[in-house]
Amino acid sequence: MKKKHHHKNKPGFFKKWSAKLHLWFGLGIGFLIFIISITGALYVFKDEIENITRKDVIYHNEQHIEQKKVLPIRMLEKSVAGQVKEKYPIHWVNVPIDKKMSYVFYWYEHNTKAWNYFDELPVYKAAYVNPYTGQVLRTYDERMGFFNIVKMIHWSFLLKQDWGPYVVGIPVIIFVIMLITGIVLWWPKNKAARKQRFSFKWKNIKSWKRKNYDLHNVLGFYASIFALIFSITGLFYAYFVVQAFIYVVFSGGETKYPDFSHIKTKAPIELRNEGTLDKVINTVQQKYPDAFGFSIDLGHEHMDDHEHPNFEVYVKHLSYSYHKSSSLIFDENSGELLHTHDPKDKNFGEKTVNANYDIHVGAILGLPTKIIAFIVSLICASLPVTGFLVWWGRRKKKPAKAA
């Protein structure tokens, strides 16, 4: 009596083509996804690491500050420029609310004619300064700093900022398709099979091919939702259509982003003096005593200068995240506060757009979400490797001998 052979059901059209796309795309852009993912993982804890390595200059350690006054900002600027002797003017300064912390002065010039990161930024430098004495505690060449180079590999493959993100965006779009097709391929046909795919069953498994296959499938499944979120928030920076889509969806259908460009300086330029920016700084400090800090543009001409519609000051409320922020518009000549836009004034679409960076790097809820972002990024970096090994193992598989 002949034994009956139970043949496996052939995969449907959709699953069959999902497998083909998953394989072709994986072989085509796997290396690029590895680079994007591993640099993303490396960048996650940038702030925590720099807070340790720069701790001795983040805090100026000036004694008896309650009896002292911070020097006027223009006096500080002249002192810093004299000590650092950079040929370019200082661009902006980060002012902390905590009086124990140093001011950070930045030089930043953008050469729009360059095609790569290193030529595009002739200078990107930071100086940590004691605001009570004007002493430069230390300078950092941010342009050549480890984390900034890692960021720009992740952001643009070290290509020009105007079009580099578009290049990075292409493999990320393909990766999104791969995540979706991966879920389709993972999804089992019945409940019993589904239970087996949520965890590793390696008790009696010795084959490295099987273990590698499980690593690809199980880790890929658990990381897929977070990977989709990180991919879409990354595409936000590459394509305006993604920004517009996110805003429209989360704002409840609003198509026009708030525009305050009509609020402009009206006071005559004769009113501008050495104390104008100090007036602006004092106003911000009094208005937001519990914020983390804010940035002030020092108003010099730069290589890529373009017309600024108004003089805006950005206030960062939290030390670990940018999503909770306020923007204030001042009269550049008189220092008068013209407009305030706080978190309570923003619709949910604006809040979502403001939170995009923090979601992308995992900073939205501080350390816990950063740990998630780090782990997911490492898993995403592993998927092209384990996926390639799955393909290679099957490619080398010997055909079964005829009975």
Side-chain angles (χ1 to χ4, degrees), residues 37-61 92-106 108 124 126 128-129 131 137-138 140 142 145-152 154-155 223 225-227 229-234 236-237 246 250 284-285 287-296 312-328 341-346 348 350-378 380:
S37 300
I38 204 70
T39 51
L42 289 172
Y43 192 77
V44 167
F45 295 112
K46 167 190 176 289
D47 290 342
E48 286 74 11
I49 293 171
E50 287 189 347
N51 284 344
I52 294 171
T53 60
R54 300 185 182 186
K55 185 177 180 180
D56 57 330
V57 291
I58 288 175
Y59 293 90
H60 50 69
N61 296 314
W92 78 88
V93 56
N94 284 356
V95 181
I97 296 297
D98 185 349
K99 295 184 181 298
K100 297 177 182 177
M101 296 180 71
S102 304
Y103 282 24
V104 188
F105 287 77
Y106 287 91
Y108 183 92
Y124 180 20
Y128 287 76
V129 178
L137 304 175
R138 193 177 303 152
Y140 291 91
E142 305 287 14
F146 172 78
F147 284 112
N148 210 58
I149 291 176
V150 164
K151 175 186 175 182
M152 297 315 294
H154 182 81
W155 170 272
I225 299 302
F226 290 107
I229 292 171
F230 295 142
S231 297
I232 293 168
T233 52
F236 175 96
Y237 297 105
I246 289 174
F250 288 96
V284 178
Q285 289 173 331
K287 191 171 178 61
Y288 302 103
D290 298 320
F292 177 71
F294 54 97
S295 301
I296 294 282
E312 188 172 5
V313 174
Y314 170 86
V315 181
K316 183 182 178 186
H317 290 282
L318 303 172
S319 61
Y320 62 87
S321 176
Y322 291 88
H323 73 277
K324 189 178 179 183
S325 63
S326 298
S327 56
L328 288 74
H341 198 55
D342 288 324
K344 63 180 176 60
D345 304 318
K346 301 175 182 179
F348 194 62
E350 284 181 85
K351 291 179 180 179
T352 305
V353 168
N354 290 164
N356 188 84
Y357 174 81
D358 294 310
I359 295 171
H360 186 65
V361 301
I364 189 71
L365 296 177
L367 191 59
T369 44
K370 282 196 170 189
I371 293 172
I372 292 173
F374 178 73
I375 294 171
V376 170
S377 296
L378 288 181
C380 288

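The first residue in the sequence is number 1, and the count goes up from there. Not measured: the values here are computed from a predicted model.
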- Step by step, work out the side chain to side chain contact (heavy atoms under 4.5 Å, CB included) result for Q285 and V95. CA-CA 9 Å; Q285 289 173 331; V95 181; 4.0 Å; yes

- Task: Return yes if some donor-acceptor pair links the side-chain N/O of H154 with the main-chain N/O of S37 below 3.5 Å, else return no.
- Result: no

- Task: For the pair M101 and F292, evaluate side chain to side chain contact (heavy atoms under 4.5 Å, CB included) and give the outcome as yes or no after the intermediate values.
- Result: CA-CA 10 Å; M101 296 180 71; F292 177 71; 4.0 Å; yes

- Using side chain to side chain donor-acceptor pair (under 3.5 Å) as the criterion, list what pairs up with N94, not counting sequence neighbours. W92, S295

- Message: Aromatic contact between Y357 and F236, with the criterion being ring centroids under 6.0 Å apart: yes or no?
- Response: no

- Task: Sequence neighbours left out, what passes salt bridge (charged side-chain N to carboxylate O under 4.0 Å, His left out) with D56? Give chain and number order.
- Result: R138

- Would you say M152 and T39 make side-chain contact, with heavy atoms under 4.5 Å? no

- Note on the structure: From the list E350, E312, K346, side chain to side chain donor-acceptor pair (under 3.5 Å) with H341 holds only for E350

- Message: Using every non-hydrogen atom in the two residues, find where I229 and I359 come nearest and quote the distance to one decimal.
- Response: CG2-CG2, 3.7 Å

- Item | Euclidean distance, L42 CG relative to I149 CD1, rounded to 0.5 Å | 12.5 Å

- Taking the side chain as every heavy atom from C-beta outward, state whether V315 and K287 have any atom pair closer than 4.5 Å. no

- Please examine the side chains of V353 and F250, heavy atoms only from C-beta on, and report whether any two atoms are closer than 4.5 Å. no

- Return the orientation label for the H360 and Y237 ring planes: parallel under 30°, perpendicular over 60°, tilted otherwise. perpendicular

- Drop me the distance from I232's CD1 to I246's CD1, to the nearest 0.5 angstrom. 7.0 Å

- Taking atom OH of Y106 as the centre, does the number of heavy atoms from other residues, nucleotides or ligands within less than 6.0 Å exceed 12? yes

- Query: Which value, rounded to the nearest 0.5 Å, describes the distance between T369 atom OG1 and F226 atom CZ?
  - Reply: 10.0 Å

- Message: Within this structure, what is the CZ-CG distance for the pair F374 and L367, rounded to the nearest 0.5 Å?
- Response: 11.5 Å

- Message: Would you say NZ of K351 has more than 12 non-hydrogen atoms from neighbouring residues, nucleotides or ligands within 6.0 angstrom?
- Response: yes

- Message: Are the side chains of V361 and Y322 in contact, using a 4.5 Å heavy-atom criterion?
- Response: no

- Going by heavy atoms in the side chains, are F294 and I97 under 4.5 Å from each other? yes

- Message: Could you work out, with side chain to side chain donor-acceptor pair (under 3.5 Å) as the rule, every residue matching T352, not counting sequence neighbours?
- Response: none

- Under 4.5 Å between any side-chain heavy atoms of I371 and F45, yes or no? yes

- Item | Taking every non-hydrogen atom, the tightest pair across P131 and S102 | CD-CA, 4.4 Å

- Message: Check E142 with K46, please: is the shortest side-chain N to carboxylate O separation under 4.0 Å?
- Response: no

- Sequence-distant partners of W155, side chain to side chain donor-acceptor pair (under 3.5 Å), two or more places apart: none

- May I ask you to check whether over 12 heavy atoms, not counting those of Y140, lie within 6.0 Å of atom OH? yes

- Using the test side chain to side chain donor-acceptor pair (under 3.5 Å), find all partners of Y43 that sit at least two apart in sequence or belong to another chain. none

- Message: What's the separation between atom CG in D47 and atom CZ in R54, rounded to the nearest 0.5 Å?
- Response: 10.0 Å

- Message: If you compare all heavy atoms of A223 against all heavy atoms of V376, which two are closest, and at what distance to 0.1 Å?
- Response: O-CG1, 4.1 Å

- Is there a donor-acceptor pair closer than 3.5 Å between any side-chain N or O of K55 and the backbone N or O of I58? no

- Message: Using 0.5 Å steps for rounding, measure from the OG atom of S325 to the OH atom of Y314.
- Response: 4.0 Å

- Query: What do the steps show when you test K151 against N148 for side chain to side chain contact (heavy atoms under 4.5 Å, CB included), and what is the final call?
  - Reply: CA-CA 5 Å; K151 175 186 175 182; N148 210 58; 4.2 Å; yes

- Message: Please check this pair: side chain of D342 against backbone of K344, looking for a donor-acceptor N/O pair closer than 3.5 Å.
- Response: no

- Task: For E48, enumerate each residue passing the salt bridge (charged side-chain N to carboxylate O under 4.0 Å, His left out) test, keeping only those at least two apart in sequence or located in another chain.
- Result: K370

- Query: K324 and P343: which non-hydrogen atoms are nearest, and at how many Å?
  - Reply: CG-CG, 4.0 Å

